[in-house]
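In what follows, chains carry the letters A, B, and so on, assigned in the order in which the sequence lines appear, proteins first and then strands, with residues in each chain numbered from 1.
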Amino acid sequence: MSEEKKALNFIEHIVEEDLANGFPKSALRFRFPPEPNGYLHIGHASSICLNFGLGLRYSAPVNLRFDDTNPVKEEKEYVDAIKRDVAWLGFAWDSECYASDYFQQLYDWAVEMIREGKAYVDSQTSEEMAAQKGTPTEPGTNSPYRDRSPEENLALFEGMKEGKYPEGSHVLRAKIDMTAPNMLMRDPIMYRILHKAHHRTNTDWCIYPMYDWTHGESDYIEQISHSLCTLEFAPHRELYDWFLDQVIDPEKIRPKQREFARRNLSHTVVSKRKLLQLVEQKVVKGWDDPRMPTISGLRRRGYTPESIRNFADTIGIAKRENLVDVSLLEFHVREDLNKKAPRVMAVLDPVKVVITNYPKENTEWLKAENNPEDESAGFREVPFSREIYIEREDFREEANRKFFRLKLGGEVRLKNSYIIKAESCTKDEEGRITEIQCTHDPKSKSGSGTEESLRKVKGTLHWVSADHALEAEVRLYDRLFTDESPDTHKDRDFLDFVNPESLKVITAYVEPSLKTAREEEHYQFQRIGYFNVDRDSTENKLVFNRTVPLKDSWAKIDSQE
RNA sequence: UGGCCUAUGGUGUAAUUGGCAACACUACUGAUUUUGGUUCAGUCAUUCUAGGUUCGAGUCCUAGUAGGCCAACCA
């Protein structure tokens, strides 16, 4: 199929090298490890495409693993949303795993480490421990509890597990090196006491393992060969390996952590914490608000899984700082929708046109092509009558040669219909045009084959028949932030850059064939953009979201004038 | 007085491991077009700097410079 030589990214190079060095292909195994504390966003999509892409490339299993070690933040709602999003993107995981499934094994290993004198219970406050931790340039100092006997540690740790102690009273720490240049190696915490119910283990446990202690061991338990994470975890690798060394069976696969730079998207934020802020402060209407860069938001906005996957493939994976322009994402959704979306006519800012030489009470059903990019899409019929609406900006009383649209005395083609000529217009007291009077050339009907129908007129307009058009709510979305990188300003909060015009709601007239449009269906409103049916639509009221406008080279010419 | 990571067009990634800097997007030209869409053709680079090795350096060496991450009982 598409076996053209695609350049490998650095992760694929690593895998290829491992394979070349004798690592068995059958032992390749990957995982996507979200924490269920928020919704997945476009940055996660890159990670999903990376891991599942590797799975596809090497016919290797990919686990979906929920990193659920913090019951304070995690909820089942997020688990469900994450599963939905990964599946919607088109990927199938091998096993659905939870770090919480390994709590017992992790505990047993921890007990073993205590016995071997490699972990100890610290009973200081977090402030005291922070003070002993040192700084990046100064070494830390040992805890006074560092040399407790294994017996004492065992008893304490068991007591912690049994719920004998309040939160914050004790922690279990790995005994490594308080002077290590890597601060993560300065006796990291393995367990803390949390008297909180967990979304899966409920109240079975009141001690919860920390990320570093959990993640690598989970990879090991699942026999993940390549554990890929973002760059900020690079310093954790040393600890990842240290923890692995404590439990590793040399006969088994030793997981390998490698880090890549997370993808930043312009004009938005890609951080669960900040997205949560947008939701909680009601800047947007929820995690799936079409302005959100969440997968569910993009889906509701009208993005397709293919467009997101193509986007992820195109931007690739590397290790440097980056800010991917949102126009690339928009390119991919246009590219996909151009092939798939049926064309329809909709007028967003209507002005009435009366065809004065067209018989009153007459309705003609004209044949319209559904998609010039897809012959199999077929044709539909659209009603034409004496009174129609066109786009207000498509008419000017007078205009220069560059204006291909309707002007007084000028001719224009109505898409799928007749050539009309503007004769006059009427205005209200404020000078606003209320109606345009036109005549049509009856022999110029589209597809009729007559000489007149073959005439070349420069402009073609979309339109809807006034009597037949349906009213619809149209939600026009724009970028959520006015700044291309709102959260990287040292002295400004990202919320300062929220675009006040990120949503405009209007009432439009759409052609009657849309009566049966269903939720999530994609359409191209000809000459305007791609839209999809929002789930807020009802029997009586259609609601459309604008996914992305069509490229508009006229806007540039017009603004230059 | 630290550790780790990174530097290639406006943007994102490549470069068969020392051999003509490539692909996509954006922008700009032009052609086609019953969507000012699509499609097609074209234009846009001192590979962070300075030295060095070499017939030849984005790639190797030396010294700089710039940026990011690390001091949560978060992940």
Could you state the atom-to-atom distance from NE2 of A/His332 to C1' of B/rA24 in whole Å?
-> 7 Å
With sugar-phosphate meaning primed atoms plus P, OP1 and OP2, does A/Asp67 contact a base, only sugar-phosphate, or nothing at under 4.0 Å between heavy atoms?
-> sugar-phosphate
Which part of the nucleic acid, if any, lies within reach of A/Thr69 when heavy atoms closer than 4.0 Å are counted: base, sugar-phosphate only, or nothing?
-> sugar-phosphate
Over how many whole Å does the gap from A/Gln526 atom CD to B/rG37 atom P extend?
-> 13 Å
side-chain N/O A/Lys490 vs B/rG68 OP1/OP2, d < 4.0 Å | yes
Okay, side chain of A/Arg262, backbone of A/Cys229: is any donor-acceptor separation there less than 3.5 Å?
-> no
Check if the side chain of A/Arg413 and the base of B/rU34 share a donor-acceptor pair of N or O atoms closer than 3.5 Å.
-> yes
Aromatic ring centroids of A/Trp463 and A/Phe384 under 6.0 Å?
-> yes
For A/Phe233, which contact category applies under a 4.0 Å heavy-atom criterion: base, sugar-phosphate, or nothing?
-> base
Could you walk me through whether A/Tyr530 and A/Tyr523 pass the ring-ring contact (aromatic ring centres under 6.0 Å, His included) check?
-> CA-CA 6 Å; A/Tyr530 294 100; A/Tyr523 291 95; over 10 Å; no
Nearest-angstrom distance from the residue atom CD of A/Glu138 to C1' of B/rG3 = 14 Å
Taken to the nearest whole Å, NE2/A/His236 to P/B/rA72 is 11 Å
Pick base, sugar-phosphate or nothing for A/Ser553, based on heavy-atom distances below 4.0 Å to the nucleic acid.
-> sugar-phosphate
So does A/Lys402 get a side-chain nitrogen or oxygen closer than 4.0 Å to the phosphate oxygens (OP1/OP2) of B/rG36?
-> no
Side-chain N,O (A/Arg186) to OP1/OP2 (B/rG3) below 4.0 Å = no
For B/rC74, does either OP1 or OP2 sit under 4.0 Å from a side-chain N or O belonging to A/Lys272?
-> no
Pick the P atom in B/rA21 and in B/rC48, then give their distance to the nearest Å.
-> 15 Å
Atom pair distance, as rounded to whole Å: NZ in A/Lys458 and P in B/rG37 = 10 Å
Distance-only donor-acceptor test, A/Glu373 side-chain atoms vs B/rU39 base atoms, 3.5 Å = no
Using whole Å, report how far CG of A/Leu550 lies from C1' of B/rU33.
-> 14 Å
Flag the pair A/Tyr240 / A/Phe233 as yes when their ring centroid distance falls below 6.0 Å, and as no otherwise.
-> no
Measure from the ring centre of A/Trp554 to the centre of the six-membered ring in the base of B/rG36, then say whether that distance is under 5.5 Å and the planes meet at under 30°.
-> yes
Roughly how many Å is it from CG in A/Leu461 to P in B/rG37, rounded to a whole number?
-> 15 Å
First of A/Leu328 and A/Asn371 reached from the 5' end of RNA chain B, by closest nucleotide | A/Leu328
Please state whether the phosphate of B/rG36, meaning OP1 or OP2, lies under 4.0 angstrom from any side-chain nitrogen or oxygen of A/Arg405.
-> no
Which of these, A/Phe66, A/Tyr98, A/Trp205, A/Phe103, sits in a ring-ring contact (aromatic ring centres under 6.0 Å, His included) with A/His198?
-> A/Phe103
For A/Asn37 and B/rA75, what is the distance between atoms CG and P respectively, to the nearest whole Å?
-> 10 Å
If you take atom types as modelled and just measure distance, does the side chain of A/Ser327 reach the base of B/rU26 with a donor-acceptor pair under 3.5 Å?
-> no
